[in-house]
Structure formats: structure tokens, C-alpha cells
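Residue numbers count from 1 along this sequence.
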Amino acid sequence: MIQWITDSQEKRKYIIDWWPAIAKWPEGKIQAHLPEIVAVPETVLEAQEAIKYAFDHHLAVVPFGGASGVLGGIVPEKPSLTIDMQKITGIVDFDEKNLLITVNAGLFGRELEDYLNERGYTTGHYPQSIDLATVGGLVATKSAGTFSSKYGNIEDMVQCLEVILPNGELYTNHNIPRSATGPHIPNLFIGSEGTLGLITKVTLKVRKIPERTEFRGIEFNSLQEAIQVARDFYLRDIVPAVIRIYNADEAQNLYNKIKRQSDKVLMIVGIVGAETVVPELLKQVLLTAEKRDGVDIGSEIGTRWEEHRYNADWLKEGNSEDTIIADAIEISANWRELAKIFEVVSGKLEGKVAKLWAHCSHFYPSGGNIYFIVFAEGKDREDTLNQFNEIWSIIMENVLAEGGSTAHHHGIGRQRLPWFKQEIGDSYDILKEIKTALDPEKVFNPGLLDL
């Protein structure tokens with residue numbers, strides 16, 4: 001039976017995620033953005049009924065998973081019905097023969113991993129939000145995990161989706177590993193942020209838990225040199241599962257954990273695989289780093305990173321008062337532009353931030369990402385929020401000017417909307433046509449993706 005929530009205080013939690021900006025909103029603005037009503041269905045059929053209710057009452061539909069987003073993607077733009085997916089949960093089928101698992105979209109990432117780990121398997125998808133995000137939310141926001149160099153990102157793991165379309169009908173694709181029968185329609189919903197339908201079921205590829213895992217810390221004289229080494233890994237076909245590069249300021253957090261005094265840039269590498277393969281791969285990784293003056297500082301710092309990799313205390317502490325604000329703003333670029341973007345943006349932020357951390361955490365044959373972790377202070381809530389938005393503008397505009405992407409894996413939400421159309425260019429007109437075809441009344445999460 002559907003639970004309906006109309007109480008103002010209860011509805012409040014359905015627009016509050018980890019978006020730093022909303023913590024600085026005045027209460028009146030928060031109340032003005034509350035959904036008209038929240039539906040908590042327990043089955044897909046009930047979710048369809050909730051969507052019909054929204055159509056009948058001229059309400060928008062806003063999907064709600066675990067509220068782990070950092071960009072305000074669950075904040076309604078107009079009178080809406082929010083659908084809480086957390087009770088549509090559980091494992092539907094574990095197909096060990098075909099290395100596939102099908103789950104309901106409200107299942108949390110940690111619950112999925114625990115189920116698989118107990119049976120000797122893993123998805124290989126370890127985002128920092130694993131304890132907080134639902135599987136449907138991970139798909140809808142195009143999530144990336146810390147072991148992406150080995151296992152890929154969420155779009156590489158999804159094999160089949162079930163989605164409630166805006167007309168209330170269920171869509172699912174043929175559950176096969178690959179097909180050349182035209183464009184792959186499920187890709188429309190990966191990263192769609194609830195604008196094209198409601199994801200209800202997901203089939204993911206799984207792997208055996210690797211026989212061996214090794215972590216290592218390597219020091220470099222500059223972030224640019226470390227990025228070159230990451231590129232060298234691809235050139236030599238010796239890519240670790242984890243490659244993380246920290247600027248000297250952020251690296252201090254890890255150096256402190258092993259009581260090491262250093263002002264160097266830090267690279268953490270993680271290697272997983274067969275018992276006989278991992279030691280040789282590690283040897284080649286260290287030799288490659290040494291050619292660019294990388295210094296092996298042992299396994300402890302990498303092991304400590306793994307132990308604390310889901311910790312986001314800095315985000316809580318950095319947003320704990322009205323006059324301080326902190327955020328992690330991730331972008332991506334090709335090799336040629338990556339280091340330059342770091343230099344340009346870091347320079348432009350001088351005097352605009354109280355503190356700047358930065359790290360690269362995801363790499364590809366053609367490039368990688370950068371997280372700019374910013375801390376700012378203001379006179380009051382309004383001033384702090386103004387400074388926050390100015391910092392965002394500096395990063396977004398300079399990334400676009402240098403040929404990068406304004407978003408690597410957090411998505412668009414509300415915070416990135418001003419730069420969305422500029423980045424995707426001609427693709428926007430195509431996306432708009434798709435939206436019109438699937439959702440002519442523009443009911444699903446209106447405003448997101450500028451739709």
C-alpha cells in the first residue's frame with residue numbers, strides 16, 4: 001500500500017541532500033520548494049499508480065533515492081509529487097552462470113555489495129556514496145567508483161534496465177551482453193537524472209572478488225609529473241585499478257595518517273587481480289613512476305586510504321556553520337588539457353578560497369578528471385552563498401574555456417544548470433526532442449538538464 005506524506009516537516013527531508021548551497025537557503029525558500037505530496041510505494045505497480053496520481057493532479061514527478069547527491073537534483077521546480085523509491089528494494093535475481101545480478105532500484109549500494117561479497121563476487125563499483133545511494137540513483141546520475149580504471153563506471157556495468165516511462169508504461173531492454181541492433185536505448189536513462197522516466201530495476205554485470213589486492217604510495221615533485229605517469233601507465237598497458245593523484249595540500253591528510261613529513265604530490269595506486277599477476281604489475285608500475293622521479297613510499301599510506309575512502313567528514317565540517325562552505329567540484333579533460341586546467345583554475349581561485357585541495361581520481365586512455373575541493377568563508381549566509389556561486393562560476397567557465405567538461409560524475413542537478421547547454425552544444429536540441437517525445441507534458445523532474 002502506498003504511503004502518502006503531506007506533513008511539512010516530513011516533506012522537508014525530501015529536498016535536502018548533500019548540496020552545500022541549500023544549507024544556506026533561508027527557511028522561507030526551502031518551504032517554497034517542498035513537494036506538494038510524497039508517495040512511498042512498495043511495488044512497481046504502486047509507483048505507476050503514484051505517477052498516474054501526479055498526472056491526474058497536474059503535478060510534476062521527482063524521483064527520490066538515497067539523497068546522496070551534491071547538486072540539488074531532488075529540489076522540485078514547480079508543484080510536484082516526490083516518489084521515494086527506498087521500499088522498492090531487494091535482490092531480484094543473482095545469475096551466477098551469466099555473472100549478472102538484478103536488483104530493485106531502491107536497494108542501497110552497500111547492501112548490493114554485501115550480498116555479492118558474501119558469495120565471492122563484486123560489482124567493482126565503489127563510489128564514496130556507496131552507503132548513502134540507491135542503485136537507481138547511481139544509474140540516474142551516471143556514477144563513478146574509485147576502482148573505475150579496472151571495472152569502469154556505472155554505464156559500463158548496466159546490462160538491462162526497467163523504467164516507468166512518463167506515459168506510465170514499463171520499458172525494459174533485451175538482457176544480453178551486446179547487440180548491434182541500432183542505438184542502445186537504455187543509455188538514454190543512464191545519467192538522465194529522472195527527466196525521462198523512473199528507474200525501477202537494474203541488471204548489473206558482476207566479477208569475482210580478485211585473488212590479491214596491493215596498494216602503494218608514490219611521491220612526485222609536481223602534479224603535472226604525476227599526471228604524465230598516469231598517461232605512461234596506459235602507454236605501457238599496465239593500468240592499476242586505482243590511480244589517485246593529490247596536490248601537496250590535500251596529500252597532507254594522508255601523510256598525517258602515517259606520520260610522514262612531506263610537501264610532495266602523492267599518487268595512490270591500487271592493483272587487483274590474480275595472485276601471480278599483481279606482483280609483476282606492481283613492479284612495472286613502480287618502474288614507470290621511477291623514470292619520472294617518482295619515489296615509492298610503501299604500502300601503508302595506500303592501505304590507510306582504502307580504510308578511510310568513504311569518509312566525508314571534511315564536507316560535514318566545511319558546511320557546519322552559516323559562514324563557511326565547502327564542496328568537491330569534479331571536471332574532466334583530455335591529457336593535453338588536464339594539467340593546464342589544474343594550473344589555470346588554481347590560479348584563478350587564489351584569493352577566492354580559504355583553502356584549495358585538488359586530486360585526480362579517474363583516468364582513461366585519453367585523459368582523466370580533477371576534483372577541486374574548495375573551502376570558503378563569508379560574513380553571513382547570503383554572502384557565503386554568493387562567494388560559493390562565484391567559485392563555481394570561476395571553475396566552470398575556465399574549464400569550458402580550456403576545452404574540458406564541467407562534470408565528470410556528479411551530474412548536473414541545479415548547481416551546474418547555467419553551463420549545461422553551453423557544454424553539450426548541438427546535443428541539446430536532440431535531447432530536447434527526445435524529452436518531448438517521451439514526456440510531452442514535461443512532467444518528469446522539469447528543469448533538470450535544462451528541460
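Summarising the geometry of Ile199 relative to Phe189, their closest heavy-atom pair is CD1-O, 3.9 Å, with the distance given to 0.1 Å. Heavy-atom minimum distance, Trp4 versus Ile37: CE3-CD1, 3.6 Å. Of all heavy-atom pairs spanning Ala21 and Trp25, the tightest one is O-CD1, 3.3 Å. For Pro166 against Leu196, the heavy-atom pair with the smallest separation is CD-O, 3.2 Å. The two residues His410 and Glu330 come nearest to each other via the heavy atoms N-OE1, 2.9 Å. Residues Ile391 and Ala376 come closest through the heavy atom pair CD1-CB, 3.7 Å.
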Starting from the C-alpha separation in whole Å, work towards a yes-or-no answer on side-chain hydrogen bond (donor to acceptor under 3.5 Å, both in side chains) for Thr146 and Gln128. CA-CA 8 Å; Thr146 49; Gln128 192 171 30; over 6 Å; no

Are Arg304 and Glu307 close enough, and set up right, to give a salt bridge (charged side-chain N to carboxylate O under 4.0 Å, His left out), and what steps lead you there? CA-CA 5 Å; Arg304 295 303 299 274; Glu307 291 170 354; 3.1 Å; yes

Side chain to side chain contact (heavy atoms under 4.5 Å, CB included) between Leu349 and Val374: does it pass, once the steps are laid out? CA-CA 9 Å; Leu349 289 176; Val374 297; 4.2 Å; yes

Walk me through it: do Lys150 and Val272 pass the test side chain to side chain contact (heavy atoms under 4.5 Å, CB included)? CA-CA 8 Å; Lys150 169 77 172 181; Val272 302; 4.1 Å; yes

Given side chain to side chain contact (heavy atoms under 4.5 Å, CB included), test Ile22 with Ile15 step by step and report yes or no. CA-CA 9 Å; Ile22 202 168; Ile15 74 163; 4.1 Å; yes

For Leu116 and Thr122, run side chain to side chain contact (heavy atoms under 4.5 Å, CB included): C-alpha distance rounded to whole Å, both residues' side-chain angles, the deciding distance at 0.1 Å, then the answer. CA-CA 5 Å; Leu116 287 170; Thr122 179; 5.5 Å; no

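Glu113 and Thr123 share a side-chain donor-acceptor pair at under 3.5 Å. Side-chain atoms of Thr181 and Ser179 form a donor-acceptor pair, as typed in the model, at a separation below 3.5 Å. When only modelled atom types and interatomic distance are considered, Glu377 and Thr384 share no side-chain donor-acceptor pair under 3.5 Å. Side-chain atoms of Gln224 and Glu343 form a donor-acceptor pair, as typed in the model, at a separation below 3.5 Å. A donor-acceptor contact under 3.5 angstrom links the side chains of Asp327 and Trp392, judged on distance only. For the residue pair Glu193 / Thr141, no side-chain donor-acceptor distance below 3.5 Å is found, with atom types taken as modelled. Residues Asn386 and Asn389 have side chains that never bring a donor and an acceptor to within less than 3.5 angstrom of each other.
Side-chain contact between Lys205 and Leu100 is present, with at least one heavy-atom pair separated by less than 4.5 Å. His408 is not listed as a side-chain neighbour of Ile370, based on a closest heavy-atom distance of 4.5 Å or more. Counting heavy atoms from C-beta on, the side chains of Ile394 and Asn398 come closer than 4.5 Å. Put simply, the side chain of Leu417 reaches to within 4.5 Å of the side chain of Ile412, judged on heavy atoms. Between His362 and Ser149, the closest side-chain pair of non-hydrogen atoms is not below 4.5 Å. Looking at heavy atoms from C-beta onward, Leu338 lies in side-chain contact with Phe363 at the 4.5 angstrom threshold. Side-chain atoms of Ile30 and Arg12, non-hydrogen and from C-beta on, do get closer than 4.5 Å to each other. The shortest side-chain heavy-atom distance between Val242 and Trp305 falls under the 4.5 Å cut-off.
Here CG of Leu266 is found 10.0 Å from CZ of Arg244. Values are rounded to the nearest 0.5 Å. The CD1 atom of Ile164 lies 5.0 Å from the CG atom of Leu198; values are rounded to the nearest 0.5 Å. We find the CD-NZ distance between Glu27 and Lys29 to be 12.5 Å, quoted to the nearest 0.5 Å. Annotation: the span from Gln48 atom CD to Asn167 atom CG amounts to 9.5 Å, rounded to 0.5 Å. Here CE of Met396 is found 5.0 Å from CZ of Arg416. Values are rounded to the nearest 0.5 Å. A distance of 9.5 Å separates CH2 of Trp18 from CG of Asn319, quoted to the nearest 0.5 Å.
Remark: of the listed residues Phe420, Phe444, Tyr428, Tyr428 is the sole one forming a side chain to side chain contact (heavy atoms under 4.5 Å, CB included) with Leu451. With Glu162 as the fixed residue, the side-chain hydrogen bond (donor to acceptor under 3.5 Å, both in side chains) test singles out one of Thr172, Thr200, Thr203: Thr200.
In this structure a side-chain-to-backbone donor-acceptor pair under 3.5 Å is present from Asn256 to Gln252. Judged by distance alone, the side chain of Lys24 and the main-chain N or O of Ile324 form a donor-acceptor pair under 3.5 Å. Between the side chain of Trp335 and the backbone N or O of Ile227 there is no donor-acceptor pair closer than 3.5 Å. Remark: side-chain polar atoms of Glu423 are paired, donor with acceptor, to backbone N or O of Thr406 under 3.5 angstrom. With hydrogens and angles ignored, the 3.5 Å screen pairs no side-chain donor or acceptor of Glu77 with any backbone N or O of Asn445. Judged purely by atom type and a 3.5 angstrom limit, Asn153 has no side-chain atom pairing as donor or acceptor with the backbone of Glu155. In this structure, Asp313 contributes its side chain and Glu317 its backbone to no donor-acceptor pair below 3.5 Å. Panel note: side chain Asp156, backbone Tyr151; no donor-acceptor pair is recorded below 3.5 Å. With hydrogens and angles ignored, the 3.5 Å screen pairs a side-chain donor or acceptor of Asp7 with a backbone N or O of Gln9. The closest donor-acceptor contact from the side chain of Glu306 to the backbone of Phe215 lies at 3.5 Å or more, if one exists at all.
For Tyr121 and Tyr115, the ring centers are positioned 6.0 Å apart or more. Ring pair Tyr371/His409: centre-to-centre distance below 6.0 Å.
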Quiz: residues 51-75 side-chain donor-acceptor pairs under 3.5 angstrom, not counting sequence neighbours:
unit_1	atom_1	unit_2	atom_2	d
Lys52	NZ	Asp56	OD2	2.9
His57	ND1	Tyr53	O	2.9

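Summarising the local packing, NZ of Lys142 is surrounded by 12 or fewer heavy atoms from other residues, nucleotides or ligands at distances under 6.0 Å. The neighbour count for Arg336 CZ, taken as heavy atoms of other residues, nucleotides or ligands under 6.0 Å away, does not exceed 12. Sparse packing is recorded around CD of Glu382, with 12 or fewer heavy atoms of other residues, nucleotides or ligands lying under 6.0 Å away.
Relative ring orientation between Tyr246 and His359 is described as tilted, the plane-to-plane angle lying within the 30° to 60° band.
Pairs of residues two or more places apart, or lying in two chains, never qualify as salt bridge (charged side-chain N to carboxylate O under 4.0 Å, His left out) while including a residue from residues 165-190.
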